[in-house]
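For reference, the structure is listed below as structure tokens.
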Amino acid sequence: MREILEAVATGDLSPAQAEAQLRGYATGDAGRFDAAREQRRGVPEAVYAEGKTAAEVAELVATAVETTGRGIATRIDDEQVAAVRERIYEAFPDAEVDHRERSAVLAVHSATFDFPDVDATVCVVTGGTVDAGPAGEAVAIATEMGATVERIEDVGVASIARLLDQVETLRAADVLVVAAGREGALPTVVAGLVDTPVIGLPVSSGYGHGSDGEAALSGMLQSCTVLSTVNVDAGFVAGAQAGLIARAIEGDSGSQK
């Protein structure tokens with residue numbers, strides 16, 4: 001503790017960095033950022049931007065970069081993105097800001113951030129173009145966790161030939177995230193074709209009854225093939241779970257060498 005206090009006194013550590021090292025989190029006006037989550041859980045902390053003001057999101061992302069070298073925000077809108085960019089470039093002019101507009105994910109990396117590298121492949125599959133938002137969130141998080149991420153898009157069961165053309169790629173992946181709306185049939189079909197862990201990601205798309213993702217969620221939960229299912233539009237959870245599986249696969253592989 002003394003070393004940390006001395007580092008604060010000399011300016012080598014900020015108060016937020018010191019608090020993060022001592023308590024595992026940093027406290028600000030916008031809330032507490034869990035700076036130790038990735039070390040504790042293997043999944044990086046992310047700021048859920050929906051429902052927060054632009055200033056709150058900017059403060060939390062800046063705190064994340066200050067304490068961990070990286071900041072991630074999900075469900076972020078254009079006003080919040082602008083506030084984050086302004087705050088980050090003022091405090092960390094050498095940082096890189098990556099905004100994935102379609103999936104509403106923003107990631108910031110400091111100039112010294114050491115990106116993780118996992119020797120495993122996550123393949124994210126979509127039934128149709130409308131699934132791109134939640135699927136893109138899964139892509140972003142699995143990528144942030146260090147996995148190699150591949151995408152197979154628009155292979156819904158309405159024309160199953162599109163899917164069958166991709167079977168070799170599906171089987172080569174270490175873990176699959178399969179996003180689908182409507183009745184949510186695609187993950188069930190995919191899980192029947194591979195010996196790879198499959199994570200079903202129901203999407204809130206479709207017409208009329210069940211169009212809020214309820215039908216897709218129910219279909220995946222009732223699947224007759226073996227798959228795991230996350231909540232509706234929960235791309236972050238799907239990507240994080242895929243990243244954890246990828247890390248476990250890399251660990252098993254490493255132990256056998």
Side-chain angles (χ1 to χ4, degrees), residues 1-116 133-134 136-138 140-146 230-240 243:
M1 182 183 293
R2 184 180 182 85
E3 292 180 355
I4 293 175
L5 294 175
E6 289 176 346
V8 173
T10 59
D12 292 330
L13 276 183
S14 69
Q17 290 171 320
E19 184 183 22
Q21 290 189 26
L22 290 169
R23 294 183 172 180
Y25 59 83
T27 306
D29 293 337
R32 295 179 179 180
F33 175 77
D34 186 358
R37 179 169 296 189
E38 186 163 16
Q39 294 178 346
R40 183 181 71 250
R41 184 65 184 90
V43 178
E45 170 74 306
V47 177
Y48 183 77
E50 191 172 307
K52 294 182 176 69
T53 68
E56 289 170 340
V57 175
E59 179 188 326
L60 288 167
V61 173
T63 300
V65 176
E66 182 180 0
T67 56
T68 70
R70 168 173 60 188
I72 302 170
T74 62
R75 306 295 174 90
I76 192 167
D77 62 31
D78 291 342
E79 180 184 359
Q80 293 165 335
V81 169
V84 169
R85 287 187 185 277
E86 181 178 359
R87 179 72 175 266
I88 291 298
Y89 288 142
E90 179 181 346
F92 310 98
D94 295 330
E96 294 185 359
V97 179
D98 177 21
H99 176 215
R100 304 187 183 202
E101 186 173 0
R102 182 67 181 271
S103 53
V105 176
L106 179 142
V108 181
H109 304 99
S110 70
T112 59
F113 179 72
D114 187 13
F115 214 90
E137 191 173 277
I141 301 308
T143 300
E144 288 294 330
M145 292 178 66
V230 300
N231 210 340
V232 177
D233 292 337
F236 179 94
V237 179

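The heavy-atom pair separating A49 from I76 by the smallest distance is CB-CA, 3.7 Å. Considering every non-hydrogen atom in both S103 and G133, the closest pair reads CB-O, 3.4 Å. Across S110 and V65, no two heavy atoms sit closer than the pair CB-CG1, 4.2 Å. When all heavy atoms of I141 and A240 are compared, the pair lying nearest together is CG2-N, 3.7 Å. When all heavy atoms are compared, the tightest approach of I88 to A95 is CG2-CB, 3.8 Å. Smallest separation of non-hydrogen atoms from A64 and G71: CB-CA, 3.7 Å.
In summary, of the residues considered (H109, E144, E45), a side chain to side chain donor-acceptor pair (under 3.5 Å) with R70 occurs for E144 alone. A side chain to side chain contact (heavy atoms under 4.5 Å, CB included) with V57 is found for one member of D77, V84, V81 and no other, namely V84. With P44 as reference, M145 is the one residue of R37, M145, Q39 to meet the side chain to side chain contact (heavy atoms under 4.5 Å, CB included) rule.
Between the OH atom in Y48 and the CD1 atom in I72 there is a gap of 16.0 Å [rounded to 0.5 Å]. Between T112 atom OG1 and F92 atom CZ the span is 10.0 Å, to the nearest 0.5 Å. Taken to the nearest 0.5 Å, the CG atom of D34 stands 4.0 Å off from the CZ atom of R40.
Judged as a salt bridge (Lys or Arg N to Asp or Glu O under 4.0 Å), and not counting sequence neighbours, D78 has no contacts. By the salt bridge (Lys or Arg N to Asp or Glu O under 4.0 Å) test, R87 is found to be paired with no residue, residues two or more places apart in sequence or in another chain being considered. By the salt bridge (Lys or Arg N to Asp or Glu O under 4.0 Å) test, R85 pairs with no residue at all, sequence neighbours left out.
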**Report entry** side chain to side chain contact (heavy atoms under 4.5 Å, CB included) between Q80 and L106, worked out
**Finding:** CA-CA 10 Å; Q80 293 165 335; L106 179 142; over 6 Å; no
Query - Criterion side chain to side chain contact (heavy atoms under 4.5 Å, CB included) on F236 and V43, from CA distance to verdict - result: CA-CA 10 Å; F236 179 94; V43 178; 4.0 Å; yes
Requested in this report: Test side chain to side chain contact (heavy atoms under 4.5 Å, CB included) on E137 and D233 and set out the steps.
Outcome: CA-CA 9 Å; E137 191 173 277; D233 292 337; over 6 Å; no
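With a 4.5 Å cut-off on side-chain heavy atoms, T68 and F33 count as touching. Inter-residue side-chain proximity for N231 and V237 is flagged as unmet; no heavy-atom pair is nearer than 4.5 Å. Between E56 and V47 the shortest side-chain heavy-atom distance does not fall below 4.5 Å.
Between the side chain of E59 and the main chain of A30, a donor-acceptor pair closer than 3.5 Å is present.
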